[in-house]
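Here's the structure we're looking at; comments come further down.
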2 protein chains.
Amino acid sequence: MSEFHANSSDPRITAPHIQAILSQHGYRLTGPRGWIVDQALQHDRPFTAEQLVAELRDHQDGRAAGIGRATVYRTLEILASVDVLSRVIQPNGSAAYVVEAPGHRHHLVCSSCGTTISFTACPVDTLVNTLTADTSFTIHDHLLEVFGTCPDCQEPADS
Amino acid sequence: MSEFHANSSDPRITAPHIQAILSQHGYRLTGPRGWIVDQALQHDRPFTAEQLVAELRDHQDGRAAGIGRATVYRTLEILASVDVLSRVIQPNGSAAYVVEAPGHRHHLVCSSCGTTISFTACPVDTLVNTLTADTSFTIHDHLLEVFGTCPDCQEPADS
DNA sequence: TCATTAGTTGAGACATTGTGTCAATTATCA
DNA sequence: TGATAATTGACACAATGTCTCAACTAATGA
């Protein structure tokens with residue numbers, strides 16, 4: 001399989017690109033959105049909305065420091081809806097976001113340090129076909145996250 | 001595949017059986033736990049903790065009506081830990097519980113009416129092996145829920 | 001450039017879903 | 001029956017969002 005990749009090695013999407021995507025979707029280009037996008041791009045790993053709120057509150061640019069919580073939540077939701085961010089369910093059940101190339105992805109998340117590896121292989125496709133045939137459900141979506149411990153967080157192999 | 005089954009057609013587990021399981025695990029058999037188990041058994045579909053709290057508050061048995069929220073949350077957690085209940089993630093991300101036979105299960109949930117079909121087929125097993133080999137993660141767990149619309153909630157096929 | 005207008009924002013109240021504490025209660029066991 | 005430790009209910013608190021609304025502002029066309 002070649003569809004594994006650590007987020008940190010992604011060819012990163014740029015702020016102007018994201019702004020263009022927002023514009024294409026009919027969203028206005030505002031200061032707050034720009035700062036939120038910039039801040040989101042600083043992250044290689046999943047970040048939560050509250051985390052971003054805190055970071056922005058301490059932002060060197062005083063204007064960015066005044067961003068409201070609701071705006072951050074709303075903007076992250078928009079960014080996820082236009083496929084710039086991807087929502088990741090954390091082991092504790094709460095939501096986080098990661099910046100990554102668009103498309104259908106799932107994540108392998110380290111429960112210890114949060115390192116995330118995304119993969120496009122979706123073993124659910126076959127299952128969905130079977131479920132559709134067997135249950136007559138119309139299947140819209142699915143949620144798949146895999147949790148584990150990354151090599152760095154594992155106990156040293158031996159002495 | 002023969003491991004599909006609607007919860008409503010399960011040979012249901014009984015309250016005494018559940019009490020025995022709790023006892024085997026070293027939990028005391030108390031009034032509140034009995035009422036919570038009874039109320040949980042009323043459900044064929046996933047129910048939330050708050051839903052159960054509300055139902056118990058309106059319980060004909062005045063004593064049951066006095067159960068505290070925390071007790072309900074705690075007891076549901078215990079019941080899930082001894083495999084009497086299974087925790088299901090809803091499309092909105094919140095948790096619900098279903099009564100069902102123990103074992104590793106996933107769920108197909110109707111986003112419209114909440115009907116749940118559980119299945120034991122787990123397409124993630126193979127993926128886990130691949131991920132383990134490719135990433136050196138130690139994989140502990142995974143989350144898989146499938147969402148769709150059940151036949152009853154779909155638009156009538158034609159006129 | 002300027003006025004219009006609809007999308008956006010920040011503040012803060014509110015909602016949901018839990019968790020933590022603690023004194024009072026109670027099931028269990030000797 | 002007593003002793004003891006688990007359990008309970010009440011309530012405070014926390015995390016994570018959502019909603020409303022007046023003020024603001026980006027985008028548009030004149």
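Below, read A as the first sequence line, B as the second, and so on, with proteins coming before strands; counting in each chain starts at 1. What you are looking at is a predicted structure, and each value in this text was computed from that prediction instead of being measured.
The outermost nucleotides of DNA chain C lying under 4.0 Å from heavy atoms of chain B, listed 5' to 3', are C:dT17 to C:dT28.
The shortest distance between side-chain heavy atoms of B:R45 and B:C113 falls below 4.5 Å. Residues B:F137 and A:V146 form no side-chain contact, since every pair of their non-hydrogen atoms from C-beta on lies 4.5 Å or further apart. B:L108 is listed as a side-chain neighbour of B:F119, based on a closest heavy-atom distance under 4.5 Å.
One distance of note links OG1 of B:T14 with CG of B:L41; it measures 8.0 Å at 0.5 Å rounding.
Checking A:Y73 against A:E50 by side-chain atom types alone, a donor-acceptor pair falls below 3.5 Å.
Below 30°, between 30° and 60°, or above 60°: for A:H142 and A:H106 the angle between ring planes is between 30° and 60°, a tilted geometry.
Between the side chain of B:Q154 and the backbone N or O of B:T149 there is at least one donor-acceptor pair closer than 3.5 Å.
Surrounding NE2 of B:H140 are more than 12 heavy atoms belonging to other residues, nucleotides or ligands, all under 6.0 Å away. Dense packing is recorded around NE2 of A:H25, with more than 12 heavy atoms of other residues, nucleotides or ligands lying under 6.0 Å away.
Using a 4.0 Å cutoff on non-hydrogen atoms, the parts of residues 61-76 of chain A near DNA chain C are A:G66, A:I67, A:G68, A:A70, A:T71, A:R74, ordered by number.
Rounded to whole angstrom, the span from the CD atom of B:E77 across to the C1' atom of D:dT8 amounts to 15 Å.
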Under 3.5 Å between N/O atoms: give me all the protein pairs with nucleotides 26-30 of chain D, atom names plus distance.
from	atom 1	to	atom 2	distance (Å)
D:dA26	N3	A:R28	NH1	3.2
D:dA27	OP1	A:L29	N	3.2

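Counting any heavy atom pair closer than 4.0 Å across all strands shown, A:Q51 reaches no nucleic acid atom.
Here the options are A:T116, A:I89, A:I117, the test is side-chain contact (heavy atoms from CB on, under 4.5 Å), and the partner is A:V109; only A:T116 passes.
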